[in-house]
> 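Got a structure here, written out as structure tokens. Questions coming.
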Amino acid sequence: MLMRHARLIPLLLLLAAPPPALAETFEQQLPNGLRVIVREDKRAPTVVHMVWYRAGSMDETNGRTGVAHVLEHMMFKGTPSAGPGEFNRRVAAAGGRDNAFTSRDYTAYFQQVPRHQLAEMMQLEADRMRHLTLDRDEFAQELRVVMEERRLRTDDQPQSLLFEQLTAIAFQAHPYRVPIIGWMNDLENLAPADARAWYDNWYAPNNAYVVVVGDIDHQAVFALAAQHYGPLPARPLPVRKPQDEPPQLGTRRLTVKAPAELPLLMMAYKVPVIRNVDQDVDPYALEILAAVLAGHDGARLSTNLVRRQRLAVEAEVSYDATARGPGLFYLQGSPSEGRTVSELEAGLRAEIAAVRQNAVTVNELARAKAQLIAGQIYKLDSMFEQAMEIGQLEAVGIPYTQNRHLIEKLQEVTAEQVQAVARKYFDDQQLTVGELDPQPLPSAVRAPAAAAQR
């Protein structure tokens, strides 16, 4: 049931108010360039320890795509002082959990452990920051794991295939056109030397930062960081050259044929992302627009296209306002039985046109803001999410200290600004359209390989 406007305003004001002082954040930079960011949160005797490297798939070169992700896997294959798998075993023995993730913009590693185990986690991370072993046999084995991961998550997933192809068409020059996991042919030809070059180029303390959140004292963390990370030398980093995407001069269309049960439509519009937290307006308005269109069960796409018109079985929107590279605003959906992809495209266009012609309502604006701001506030309940938020903002060049201001900027968005971005960016010149043409499903589905999961 939709909440009435009279109930939304008090909720919005409550969420926009400063949250209780649950945690305080401190920062120090070591002489080797490593930044250490510590947030004290005493609510549970645990700690999250993260190491973020400012290097992701967008920093790769042609012929070596996927190397950032492959190296992420290799970081668990040992050093001279800790053999293959030893890292995971020691984290588990400490009563913790650990993993890693690679994105277009960064690569990050984390452990969540009891607070008294933090020193050991720092020792392990500092060790592999500089002394990683890249054994040829281990590399070949892990490369097979990554290739199977690509088969399972992309090649065998029609929606992932369409997204990959659409992005490769939408961006012609910028490296965002390349999938994070890499092209299969590049993976087949990667060598240990490629991973070693990536590691030597980017895995240095002056290209990294450590985020620690939990029941700890910041001065004690700074001392541990100086002890374990401090001896690692800074190194010269590769010079990054601008990789701007040239202007798009008209609509681009593609069709992907793959085994699937339903057709699928994806539409991607080129839009801006946050570059200046204070001066930017449009990215915040685009976030509100995304929430109005598909941010909840009562949003426009679900209400109009799925339930009222029965044009789609599902309709979604995706937009991320924070990124090192350019932004895309995605609309996607699958047409209902008896309806076509063309009809669904017309329906999605009509929803954007409605915002262009008539500004969103006061109630829609209030609910979108309440939802987005609540999502930010609720992150404070999780130490891991707090560390993630700090790390992700820093990775895209937004100081973590601006987080509160980001919420304030969302709160300031007006209905007129939402209408303005709908008029400004949603035209055919900036549009790429992808259609999944479903082919007959195979009689036998290939069983997933256990090795694909690390």
> Around atom CD of Glu188, are there more than 12 heavy atoms from other residues, nucleotides or ligands closer than 6.0 Å?
yes
> Do you see a donor-acceptor pair shorter than 3.5 Å between the side chains of Tyr176 and Glu245?
no
> Taking 4.0 angstrom as the limit, do Glu364 and Arg367 come out as a salt bridge?
no
> Classify the side-chain pair Ser318/Asp320 by whether it contains a donor and acceptor separated by less than 3.5 Å.
no
> Below 30° counts as parallel, above 60° as perpendicular, anything between as tilted: where do the rings of Phe101 and Phe110 land?
tilted
> Is it true that Glu60 and Arg64 have a side-chain N and a carboxylate O under 4.0 angstrom from each other?
no
> Are Asp155 and Arg150 close enough for a salt bridge, meaning some N to O gap below 4.0 Å?
yes
> Looking only at heavy atoms, which two atoms of His49 and Val51 are closest? And how far apart?
CE1-CG2, 4.0 Å
> What distance do Leu372 atom CG and Glu287 atom CD have between them, rounded to the nearest 0.5 Å?
6.0 Å
> Could you check whether Gln29 and Tyr209, counting side-chain N and O atoms only, form a donor-acceptor pair closer than 3.5 Å?
no
> Apply ring-ring contact (aromatic ring centres under 6.0 Å, His included) to Phe139 and list each qualifying residue two or more places apart in sequence or on a separate chain.
none
> So that I know where these two stand, are Tyr53 and Trp202 an aromatic pair - ring centroids less than 6.0 Å apart?
no
> Rounded to the nearest 0.5 Å, what separates atom CG in Asp156 from atom CG in Leu161?
8.5 Å
> Could you give the distance from CE (Met267) to CD1 (Ile352), rounded to the nearest 0.5 Å?
8.0 Å
> Would you say the ring centers of Tyr425 and Tyr269 fall short of 6.0 Å from each other?
no
> May I ask you to decide if the ring planes of Phe87 and Phe76 are parallel, tilted or perpendicular, using 30° and 60° as cut-offs?
perpendicular
> Going by salt bridge (Lys or Arg N to Asp or Glu O under 4.0 Å), name the residues that satisfy it together with Lys270, two or more places apart in sequence or in a different chain.
none
> For Gln111 and Glu125: C-alpha separation, side-chain torsions, deciding distance, then whether side-chain hydrogen bond (donor to acceptor under 3.5 Å, both in side chains) applies.
CA-CA 10 Å; Gln111 305 86 44; Glu125 281 288 10; 2.7 Å; yes
> Once you measure the plane-to-plane angle for Tyr330 and Phe163, does it fall in the parallel (<30°), tilted (30-60°) or perpendicular (>60°) bin?
tilted
> Kindly assign one of parallel, tilted or perpendicular to the pair Phe171 and His174, based on the angle between their ring planes and the thresholds 30° and 60°.
tilted
> Looking at Asp41 and Arg39, is any side-chain nitrogen of the basic one under 4.0 Å from a carboxylate oxygen of the acidic one?
no
> Ignoring hydrogens and angles, tell me if any N or O in the side chain of Gln402 forms a donor-acceptor pair with the backbone of Pro399 under 3.5 Å.
no
> Any Lys/Arg nitrogen of Asp59 or Arg240 sitting under 4.0 Å from an Asp/Glu carboxylate oxygen of the other?
yes
